[in-house]
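For clarity, every value in this text was computed on a predicted model and none was experimentally measured. Numbered from 1 within each chain, the chains take letters A, B, ... in sequence-line order.
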Protein chains: 2
Amino acid sequence: MAITIKDIANKAGISAASVSRILTNRGRFSEATAQRVRQLAHEMGYYKNQSAADLSQKESRVIGVLVPTTHTNFADEIIKGMQTKAFELGYELLIAFVETDSQQQIKTVKSLLSRQLLAVVMLAIDIEDPVFEVLTKADVRLLSVSNQLNNVIPSISSDNYAMMHTIVDYLYNQGHRKMALIGASNPDPIVAILRRKGFIDALLDHGITYNPDFIWGVENAYQTGLDAIKKFGNPLPFTAAIGSADIISIGLLNGAKDAGIAVPDDLSIVTIDGTELTQITRPILTAAQQNFAQMGELAITTLADQNLSPHTIIFTDITLKPGDTVANIN
Amino acid sequence: MAITIKDIANKAGISAASVSRILTNRGRFSEATAQRVRQLAHEMGYYKNQSAADLSQKESRVIGVLVPTTHTNFADEIIKGMQTKAFELGYELLIAFVETDSQQQIKTVKSLLSRQLLAVVMLAIDIEDPVFEVLTKADVRLLSVSNQLNNVIPSISSDNYAMMHTIVDYLYNQGHRKMALIGASNPDPIVAILRRKGFIDALLDHGITYNPDFIWGVENAYQTGLDAIKKFGNPLPFTAAIGSADIISIGLLNGAKDAGIAVPDDLSIVTIDGTELTQITRPILTAAQQNFAQMGELAITTLADQNLSPHTIIFTDITLKPGDTVANIN
DNA sequence: ATTTTTTGAGTAAACGTTTACGCAATTAAT
DNA sequence: ATTAATTGCGTAAACGTTTACTCAAAAAAT
């Protein structure tokens, strides 16, 4: 049997209530007994039974985090950021990996919800409707990170629309006029819509009418990059491609290599995300780097705020980080 | 206020105990009331308060998982395997990321322990002594996955010693006689020791006396691979190198490229791990692939076993998966 | 028709912690 | 020296579930 507060109380010759007050540092107690109790707690190897504490307290400090199992290699960075901040502000993180299978998703979410949660954070997840229903029906704050779900729940992400301007401007300044956007042509997720719109508008700003064929590729996957090169053939009808995720850009890079297309001489590539994956390619990828750690930290501070509007949208920083995959063709 | 069992009981005109029996599917109840209760529970949006349940039950079904934040890209695969099995057997996973900072590690572990846990699984972690002490002092089953901590706590991992034989045999058959092992020269972790010993013994089995200089590199990092090439120069004094982790091997690959060393013509590479990272390199890496999903599933089934000895060591499968980084020089 | 067994469901205690309330003892203010 | 305020701590209830015990009613066995 584990040590309880009562065991400590008995040994110290005081009541359990006093021990509780001391260990939680709430209410009144004398420093003398406090020291004795803390010492005993340590000696006896006491661990608070959080379940009991949760039960007796109304306010929860536990934040659930839904992480997709589909290997998004930036999830770690966001979680790390969240953990740092949570640690600092006294919140606890409950991390759950969710599969794409909607059935299992619901089960996982329900098991999360049966802990009394303050909030649920969704990391880069396009949540399925049935799961979303379960979440909204439950009485928890919701927050979407690295994915905008405009006006439905609050979100923290890069400004995907502005980001495309940054990238297009950069490429334009390097002399590029024909550009492709690879991997953001799903109709569905808002992120893809914003990136497409941003891409098109940025081109128009420079007086370039965009070619709809040059927005191609649905899956956020390595294969998408490979396939893109296959589809457009050699020579490519554009001089620069923007990969909508690092893994896609690596596909582009390798596809180009396989097809005898030189990067950056025949094809310039800018990747979106800028995780450490971009550092282990040859040539090193030029990236529009998202600030994932910042997203994580902001997630926690945002949730700490009581009155969070579902319309809240917070944007995090973007840095254009030069690598060796963009040629100046002026 | 959230819906409780009592609310359902009131509405159904029965006692809370009956509702509990029905929802947990334990004890006796009629199918008629059961259906009514289940229907009500669904309608009213009821979620079990797991804290309360935990409190009233002695046996815990919660397994804590310690995951290092140092990006090991196979942790996901192990967790996925664990989650599948846990889901199947009715266990719940509580995942916590731990930093390398020992202070924060302890805090995280303590917060884990204040949930009533059945067990704690350590993923590829060389736990620091103070943290380990906290864990052993607590009354939970421990299990190390993807890392052997011989005879201290039970572990599930690849047979690192045998794995080296598999790799060396393979390279030997391809005609290689001079081989290097990169990234396993830490004195400390047992895994490194076993890999070194396996490497040396396997060479000796083929009548090759090994060159101690050819076991080089400590950090499990990209830079280690890059540095290795720099250190040994061009031409390299060996024809094959074994990278002790995918990320190291990618370092070797890129280092070789930078130095004008052709892979596999001038240097053959076999990588240990075989995560999907090996598929996105050019050339594709030949790998001694560990079965991480299997590790995850076995972790759960092993922990389900009551009497688990600290001496238990379970080995998972290894597959030598040919890529394009090994040349036949016979 | 009686006895035995089974079934459905209620009662109440228990899990470990927190906290509102109260009270005596101490300290401060007059 | 009296009154007022403060301090330290105990009592007891509460949180939501589970479960060992009951017990009446229904079903089965005699």
**Asked** Are A:Ser114 and A:Ser111 linked by a side-chain donor-acceptor pair shorter than 3.5 Å?
**Response**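 No, no side-chain donor-acceptor pair sits under 3.5 Å.
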Using whole Å, report how far [atom1] of [X] lies from [atom2] of [N].
X: B:Lys6; N: C:dT11; atom1: NZ; atom2: P; answer: 12 Å
X: A:Tyr46; N: C:dG16; atom1: OH; atom2: P; answer: 10 Å
X: B:Ile22; N: D:dG16; atom1: CD1; atom2: P; answer: 20 Å
X: B:Leu113; N: C:dG16; atom1: CG; atom2: C1'; answer: 17 Å
X: B:Asn25; N: D:dT18; atom1: CG; atom2: P; answer: 12 Å
X: B:Met44; N: D:dG16; atom1: CE; atom2: P; answer: 13 Å
X: B:Asp139; N: C:dG16; atom1: CG; atom2: P; answer: 13 Å

**Prompt:** For B:Ala16 and B:Ile5, which heavy atoms make the closest approach, and how far apart are they?
**Reply:**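 Shortest heavy-atom separation between B:Ala16 and B:Ile5 comes out as CB-CG2, 3.6 Å.
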**Prompt:** Considering all heavy atoms of both residues, which atom of A:Ala299 and which atom of A:Met82 are nearest to each other, and what is their separation?
**Reply:**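 Taking every non-hydrogen atom into account, CB-CG, 4.2 Å.
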**Prompt:** Under a 4.5 Å cut-off applied to non-hydrogen side-chain atoms, are B:Asp273 and B:Phe292 in contact?
**Reply:**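 Yes - at least one pair of side-chain heavy atoms lies under 4.5 Å apart.
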**Close side-chain approach of A:Asn49 and B:Gln116, heavy atoms under 4.5 Å** =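 Yes, close enough: below the 4.5 Å cut-off.
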**Request:** State plainly whether the residues A:Lys80 and A:Glu77 are in salt-bridge range, i.e. N to O under 4.0 Å.
**Result:**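 No, no charged N to carboxylate O under 4.0 Å.
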**Prompt:** Can you list every salt bridge (Lys or Arg N to Asp or Glu O under 4.0 Å) pair that touches residues 107-119 of chain B, not counting sequence neighbours?
**Reply:**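 For residues 107-119 of chain B: A:Asp54-B:Arg115, A:Glu92-B:Arg115.
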**Prompt:** Restricting to pairs with a member in residues 15-26 of chain A, which pass salt bridge (Lys or Arg N to Asp or Glu O under 4.0 Å), not counting sequence neighbours?
**Reply:**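 For residues 15-26 of chain A: none.
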Of the candidate nucleotides [options], which contains the atom at the shortest distance from the side chain of [X]?
X: A:Thr4; options: D:dG16, C:dG16, D:dC9; value: C:dG16
X: A:Phe29; options: C:dT18, D:dT17, D:dC9; value: D:dC9
X: A:Ser15; options: D:dG16, D:dG10, C:dG16; value: D:dG10

**Partners passing salt bridge (charged side-chain N to carboxylate O under 4.0 Å, His left out) against B:Glu43 (at least two apart in sequence or in another chain)** =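 Scan of B:Glu43 (salt bridge (charged side-chain N to carboxylate O under 4.0 Å, His left out), adjacent residues dropped) gives none.
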**Message:** Donor-acceptor pair, distance only, cut-off 3.5 Å: does the side chain of A:Asp139 make one with the backbone of A:Lys137?
**Reply:**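 Pair absent, no side-chain N/O of A:Asp139 close to backbone of A:Lys137.
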Check: protein-nucleotides 19-27 of chain D nitrogen or oxygen pairs below 3.5 Å:
| residue | atom | partner | partner atom | Å |
| --- | --- | --- | --- | --- |
| D:dT19 | OP2 | B:Arg26 | NE | 3.1 |

**Message:** As an exercise, state the distance from OG of B:Ser155 to CE of B:Met122, rounded to the nearest 0.5 Å.
**Reply:**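 Going from OG on B:Ser155 over to CE on B:Met122, the span is 10.0 Å.
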**Item:** Five-pair end axes of the helix from C:dA1-D:dT30 to C:dT30-D:dA1 and the angle they enclose, rounded to 10°
**Value:**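 Axis-to-axis angle, ends of the helix: 30°.
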**Item:** DNA chain D contacts made by residues 31-41 of chain A, counting heavy atoms under 4.0 Å
**Value:**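 Heavy-atom contacts with DNA chain D come from A:Thr33.
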